Amino acid sequence: MWITWLERNRHSFEDTKKTLEELKEPFNAEPPRSLLVSSYVTPVDLFYKRNHGPIPIVDDLERYCFSISGLIKNPKKLFMKDIWMLPKYNVAATLQCAGNRRTAMSKTRKVKGVGWDVSALGNAVWGGAKLADVLELVGIPNLTSTTQSGGKHVEFVSIDKCKEENGGPYKASIPLSQATNPDADVLLAYEMNGETLNRDHGYPLRVVVPGIIGARSVKWIDSINIIAEECQGFFMQKDYKMFPPSVDWDNINWASRRPQMDFPVQSVICSLEDVNAIKPGKVKISGYAVSGGGRGIERVDVSIDGGKTWMEASRYQKTGIPYVADGINSDKWAWVLFEVTVDVMQSTEIVAKAVDIASNVQPEKVEDIWNLRGILNTSWHRVQVRVGHSNM
């Protein structure tokens, strides 16, 4: 079920809560792009909502628990008090839906999925226990790639139920080597921006896997399984895979592609809509850039003539701390905001593209990366401006 941000906020908090409880279909929403980059840390109310089933309700925190089992010697059931006793870490990380910018991809050829604009992502400070510390409680040391019983993947199973799993739970997995690496900063998070997680974002406990598509950061954890092969759930095997433009619903072979994990380098102009009427003169161009895998943003280029010539935008994260793409004081899992002021004297196309520290750059044309599920649209972001001199 698609609900715009404005529709979502016509209700009071209590009315909205009641509405959410009554929803029979997934609730999905994104904020206006202009508000998205109003701050480095995205306020909870502006953080996009992505769900695959009705939002579950967990009322009794004292009784809430989850199991860790599978290919390990010592299965264990853990309660929130067990997680709270572990060292708490705060990690600034951007979560991005793989379908961000899907609507623009559909303009080339129609694709299947929620019609996201450019705001299906957000940057938050997540608080919780490192998954590596949690797995040590069941005898899995740090930096383990295979358990003695042959476990190579960590599967997260949600309380959330969805039709794609025939009424079963949403689930996804990551490699055990990533889960047990403290430097990967995978969290079992119970806080978001210094506050207790709310229902929309996974209360009471969710996974946050920085640097990869949001579909792997499972909310409302019910169980964690150590398994030999990657998760066989729908959203790992029959969705969120990247296919070439030649593949359609008649010739698709899901088994021929790996599940998508890292997201590519991305940038978006947020200070302007796709089509704008403006007065001639100075215009501030601002937006976000982010790359997967912890790769920093080396450069953001902006063009005011459709990509013929380019200028470099300034990049920043936290106030008072210079941003360095691979700097020790920079948040490697978080987005980078950019801005540049330009003179626009005539109608034109304004374009942005980013380059990460591995010199990955956004593809120029969406046609080259079109895919039937509309994921990972990281093509140059373009907005059209019409310049006039009156009635503006």
Side-chain angles (χ1 to χ4, degrees), residues 66 68-72 76 78 83 86-98 121 124 126-158 170-190 202 205-219 221 223-233 235-237 239-242 257-265 290-296 326 331-334 356-358 360 375-376:
F66 66 96
I68 304 181
S69 59
L71 298 175
I72 54 176
K76 198 175 185 69
L78 297 175
I83 303 302
L86 294 170
K88 178 187 173 185
Y89 292 87
N90 290 308
V91 176
T94 297
L95 294 187
Q96 178 175 205
C97 179
L121 82 169
W126 308 95
K130 286 197 177 183
L131 181 59
D133 291 345
V134 176
L135 294 177
E136 280 195 307
L137 298 177
V138 294
I140 304 177
N142 285 352
L143 304 177
T144 297
S145 58
T146 308
T147 66
Q148 292 181 349
S149 304
K152 295 182 179 180
H153 297 264
V154 180
E155 179 184 63
F156 311 111
V157 181
S158 177
Y170 183 93
K171 52 189 174 181
S173 68
I174 63 173
L176 182 64
S177 57
Q178 182 179 15
T180 59
N181 182 358
D183 290 339
D185 289 329
V186 182
L187 294 183
L188 288 188
Y190 46 82
L205 195 66
R206 69 169 297 165
V207 181
V208 173
V209 190
I212 69 176
I213 64 171
R216 314 308 179 206
S217 289
V218 177
K219 299 188 283 290
I221 288 298
S223 63
I224 295 176
N225 303 317
I226 311 303
I227 54 180
E229 305 294 335
E230 67 194 15
C231 171
Q232 295 301 300
F235 296 100
M236 290 287 289
Q237 301 303 325
D239 202 356
Y240 297 123
K241 292 185 177 184
M242 186 70 163
R257 304 292 166 185
R258 59 180 288 276
Q260 187 64 43
M261 301 301 277
D262 275 19
F263 53 79
V265 62
V290 63
S291 190
R295 296 179 292 274
D326 55 355
D331 292 332
K332 68 176 182 177
W333 306 115
D356 69 16
I357 59 172
N360 297 309
I375 67 169
L376 305 181

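Note that the structure is a prediction, hence the values are computed from the model and not measured. Note: hydrogens, waters and symmetry copies are ignored here, and every other heavy atom, side chains too, is used.
Between V157 and V218, the shortest heavy-atom contact is C-CG1, 4.4 Å. Here the closest heavy-atom approach between residue D262 and residue G293 is recorded as OD2-CA, 3.6 Å. A pairwise comparison of heavy atoms in T147 and G151 identifies OG1-N, 2.7 Å as the closest pair. Heavy-atom minimum distance, A93 versus P210: CB-CB, 4.1 Å. Between P141 and G139 the shortest heavy-atom distance is CD-O, 3.4 Å. Of all heavy-atom pairs spanning L376 and P264, the tightest one is CD2-CD, 3.7 Å.
Between I226 atom CD1 and E155 atom CD the span is 9.5 Å, to the nearest 0.5 Å. A distance of 12.0 Å separates OG of S173 from CD1 of I224, quoted to the nearest 0.5 Å. L131 contributes atom CG, which lies 5.0 Å from atom CG of L188 (distance to the nearest 0.5 angstrom). Interatomic distance, CD1 of I212 versus CE of M261, reported as 4.0 Å (0.5 Å rounding). F263 CZ to L95 CG: the interatomic distance, rounded to the nearest 0.5 Å, is 8.0 Å. One distance of note links CG of L205 with OH of Y190; it measures 9.0 Å at 0.5 Å rounding.
In this structure W126 satisfies the ring-ring contact (aromatic ring centres under 6.0 Å, His included) test together with F47, sequence neighbours excluded. Residues passing the side-chain contact (heavy atoms from CB on, under 4.5 Å) test with S177, sequence neighbours excluded: S145, P175. Qualifying salt bridge (Lys or Arg N to Asp or Glu O under 4.0 Å) partners for R206, counting only residues two or more places apart in sequence or in other chains: none. Applying the ring-ring contact (aromatic ring centres under 6.0 Å, His included) rule to Y170 yields the partners H52, F235; only residues at least two apart in sequence or on another chain are considered. When the side-chain contact (heavy atoms from CB on, under 4.5 Å) test is applied to K152, the partners found at least two apart in sequence or on another chain are T146.
Sorted by first then second residue, the salt bridge (charged side-chain N to carboxylate O under 4.0 Å, His left out) pairs that include residues 173-185, not counting sequence neighbours, are K130-D185.
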Inset, instruction - Please lay out, stage by stage, how K332 and D326 fare under the test salt bridge (Lys or Arg N to Asp or Glu O under 4.0 Å). - result: CA-CA 7 Å; K332 68 176 182 177; D326 55 355; over 6 Å; no
Legend entry - Chi angles and distances behind the side-chain contact (heavy atoms from CB on, under 4.5 Å) call for L78, L137: CA-CA 9 Å; L78 297 175; L137 298 177; 4.2 Å; yes
Inset, instruction - Show your working on side-chain contact (heavy atoms from CB on, under 4.5 Å) between V207 and I221 and close with a plain yes or no. - result: CA-CA 7 Å; V207 181; I221 288 298; 3.4 Å; yes
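Here the side chain of S158 pairs a donor or acceptor atom with the backbone of K219 at under 3.5 angstrom. With R295 contributing its side chain and G292 its backbone, the two residues share a donor-acceptor pair below 3.5 Å. Using modelled atom types, one side-chain atom of D356 and one backbone atom of A358 make a donor-acceptor pair closer than 3.5 Å. T180 places a side-chain N or O within donor-acceptor distance of the main-chain N or O of L176, the cut-off being under 3.5 Å. Side-chain atoms of K241 come within 3.5 Å of backbone N or O of R257 as a donor-acceptor pair.
The shortest distance between side-chain heavy atoms of V208 and V91 does not fall below 4.5 Å. Taking 4.5 Å as the limit, some side-chain heavy atom of I213 sits within range of a side-chain heavy atom of Y240. Using a 4.5 Å heavy-atom threshold, the side chains of L135 and T144 count as separate. Using a 4.5 Å cut-off on side-chain heavy atoms (C-beta onward), I140 and I72 make contact. Contact check for Q178 versus V209: side-chain heavy atoms found under the 4.5 Å cut-off. Looking at K171 and M236, their side chains never come closer than 4.5 Å, going by heavy atoms from C-beta outward.
Dense packing is recorded around CD of Q232, with more than 12 heavy atoms of other residues, nucleotides or ligands lying under 6.0 Å away. Applying the 6.0 Å contact sphere to NZ of K88 captures more than 12 heavy atoms from other residues, nucleotides or ligands.
A donor-acceptor contact under 3.5 angstrom links the side chains of Q237 and E230, judged on distance only.
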